[in-house]
Q: 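There's a structure below that I have some questions on.
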2 protein chains.
Amino acid sequence: MSLRHALLGLLSEGPASGYDLLKLFEKSLANVWPATQSQLYGELGRLADAGLITVQSEGARGRKEYAVTDAGREELRHWLLNVKPTPIRRYDMLLRVFFFGQISADDAIAYLREQQQAAEAEAERLAEVGKMIEPHQDNFTVYGRLALEWGLRSNRLHQEWAEWAIGEVRAHDPAANTEPCDPS
Amino acid sequence: MSLRHALLGLLSEGPASGYDLLKLFEKSLANVWPATQSQLYGELGRLADAGLITVQSEGARGRKEYAVTDAGREELRHWLLNVKPTPIRRYDMLLRVFFFGQISADDAIAYLREQQQAAEAEAERLAEVGKMIEPHQDNFTVYGRLALEWGLRSNRLHQEWAEWAIGEVRAHDPAANTEPCDPS
DNA sequence: CTCTGACGTTCCAGTAGTGACATGTCGAAG
DNA sequence: CTTCGACATGTCACTACTGGAACGTCAGAG
């Protein structure tokens, strides 16, 4: 049910259309809460039905500009202050680790290396995001930077953990390749 | 579609009933991939229909003991080696951070403190898990420890980030309370 | 002998999310 | 004047997951 509040949050800084919100989403919240277009429009409809937002004006091309109502603002506040965030624990990356017994130590190490590389790629992407938002000083950007920092730290963790895990796998099976490109 | 492979993975160490798997799940994989009972039984049925597992024997109380087939083992291997893990990026905890502009700096700091406390509680839980699995040396436990370490590091990250973020919020609004219990 | 608690399975209604498709408008460039 | 890309919304079928109810069996304690 967080998409609801994501939309309320975006609208709380000013009215916007579904299309506007979609673009805004891609550039900011999608990093912490992805949503598809169909989901977004659907939720806007439900939000309007529930009286948390209203169609402020209709423009060209069927554009509907939505604005938060008082009830919506109240709901957002309530969610921010009183609803406990649900911790995530769904990592198919870690799930695979449990089954390392089913593959060779070399394959396990290759898998971990891949994770490291994925993390490097992600680090670049995050750096891009950082550069993109650098000049802005609006509320979303200012506080979004806190989330970005989380991403950067998380990324570092990912890389360091993979490095450590490779060491563990090696320790467990000393026969595993030390130099993956040169099995001598 | 990861539950499928989680079950294949569990069964790859030996046959078991749905009930057995449910118990096993709770103690291990649920930390990285939660699933409910109804989901589990449903998936077992589909897995059997697909020929990836078979009913090896039926015991008392309608118990069905499942075992992996060759096709199932192949599917597991394929998933382990060739299917890229999907990165998670759905953190309603971070989503709220974007909307800090809607609440006071004090409330924002209180929110972050709560996150810190939640992380502390989680740290205790993880320590418990560590103690519980300490004596075991089976495959799941050995490799599960890699996942546990990820959890511990992730937890530390959570706490340190919250501490840092509190500093940022304070820097942004110096009027915010320094001592939350003594607003002098 | 009865009750309880662990064992064991099945079904279902509801929600959230995915990915693709359908439909149409408007402004600007060529 | 046509076409193309951005603007703009809506719908559908499908899958994953949630939470709960329902049903029945067996072993052991009292």
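Letters A, B, ... mirror the listed sequences (proteins, then strands); counts begin at 1.
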Q: For Glu26(B) and dA6(C), give me the distance from atom CD to atom P, rounded to whole Å.
A: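 Rounded to whole Å, this separation is 13 Å.
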Q: Rounded to whole angstrom units, what separation is found between the CG atom of Leu21(B) and the C1' atom of dC7(C)?
A: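 Value for this atom pair: 14 Å.
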Q: Which one, dT18(C), dC7(D), dA16(C), comes nearest to the side chain of Tyr19(A)?
A: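 Closest nucleotide to the Tyr19(A) side chain: dC7(D).
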Q: What is the distance, to the nearest angstrom, from the CG atom on Leu7(A) to the P atom on dA16(C)?
A: 13 Å
Q: Looking at Arg125(A) and Glu128(A), does any basic side-chain N land under 4.0 Å from a carboxylate oxygen?
A: no
Q: Indicate whether OP1 or OP2 belonging to dG10(D) is found under 4.0 Å from a side-chain N or O atom of Tyr41(A).
A: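 For Tyr41(A), the contact criterion (side-chain N or O under 4.0 Å from OP1 or OP2 of dG10(D)) is not met.
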Q: Give a yes or no on whether a donor-acceptor pair under 3.5 Å exists between the nucleobase atoms of dG19(C), that is its base, and the side chain of Ser38(A).
A: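 Per atom types, the contact qualifies.
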Q: Taking only N and O in the side chain of Arg63(A), is any of them less than 4.0 Å away from OP1 or OP2 of dA8(D)?
A: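 True: Arg63(A) side-chain N/O within range (under 4.0 Å) of dA8(D) OP1/OP2.
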Q: Take the protein atom CZ of Arg46(B) and the nucleotide atom P of dT9(C), then report the distance between them rounded to whole Å.
A: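 It is 16 Å, rounded to the nearest whole Å.
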Q: Under 4.0 Å: is that the gap between some side-chain N or O of Gln39(A) and OP1 or OP2 of dT18(C)?
A: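 Yes, within the criterion.
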Q: Report the relative orientation of the aromatic rings in Tyr91(A) and Trp150(B); use parallel for angles under 30°, tilted for 30 to 60°, perpendicular for over 60°.
A: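 Tyr91(A) vs Trp150(B) ring planes: tilted.
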Q: Over how many whole Å does the gap from Leu95(B) atom CG to dG17(C) atom P extend?
A: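 That distance rounds to 11 Å.
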Q: I want to confirm an ordering. Mapping Arg90(B) and Gly62(B) to their closest nucleotides on DNA chain C, which one lands closer to the 5' end?
A: Gly62(B)
Q: Within a reach of under 6.0 Å around CG of Asp70(A), are more than 12 heavy atoms found that belong to other residues, nucleotides or ligands?
A: no
Q: Measure from CD on Glu43(B) to P on dT9(C) and round the result to the nearest Å.
A: 16 Å
Q: To the nearest Å, give me how far apart NZ (Lys23(A)) and P (dG5(D)) are.
A: 14 Å
Q: Between Arg46(A) and Glu43(A), is there a salt bridge with N-O shorter than 4.0 Å?
A: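 Looking at Glu43(A) and Arg46(A), the cut-off is met.
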Q: Applying side-chain hydrogen bond (donor to acceptor under 3.5 Å, both in side chains) between Asn155(A) and each of His158(A), Arg153(A), Gln159(A), report the one that passes.
A: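 Between Asn155(A) and the candidates, side-chain hydrogen bond (donor to acceptor under 3.5 Å, both in side chains) is satisfied uniquely by Gln159(A).
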Q: Quick one: the side chain of Gln37(B) and the base of dG8(C), do they pair up donor-acceptor inside 3.5 Å?
A: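 Counting by modelled atom types and ignoring angles, no donor-acceptor contact under 3.5 Å is found here.
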Q: Please tell me which of the listed nucleotides, dC26(D), dG10(D), dT18(D), lies nearest to the side chain of Arg61(B)?
A: dC26(D)
Q: Once you round it to whole Å, what is the distance between C1' of dA16(D) and CG of Leu44(B)?
A: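 In whole Å, dA16(D) C1' lies 16 Å from Leu44(B) CG.
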Q: Are Lys64(A) and dC7(D) close enough that a side-chain N or O sits under 4.0 Å from OP1 or OP2?
A: no
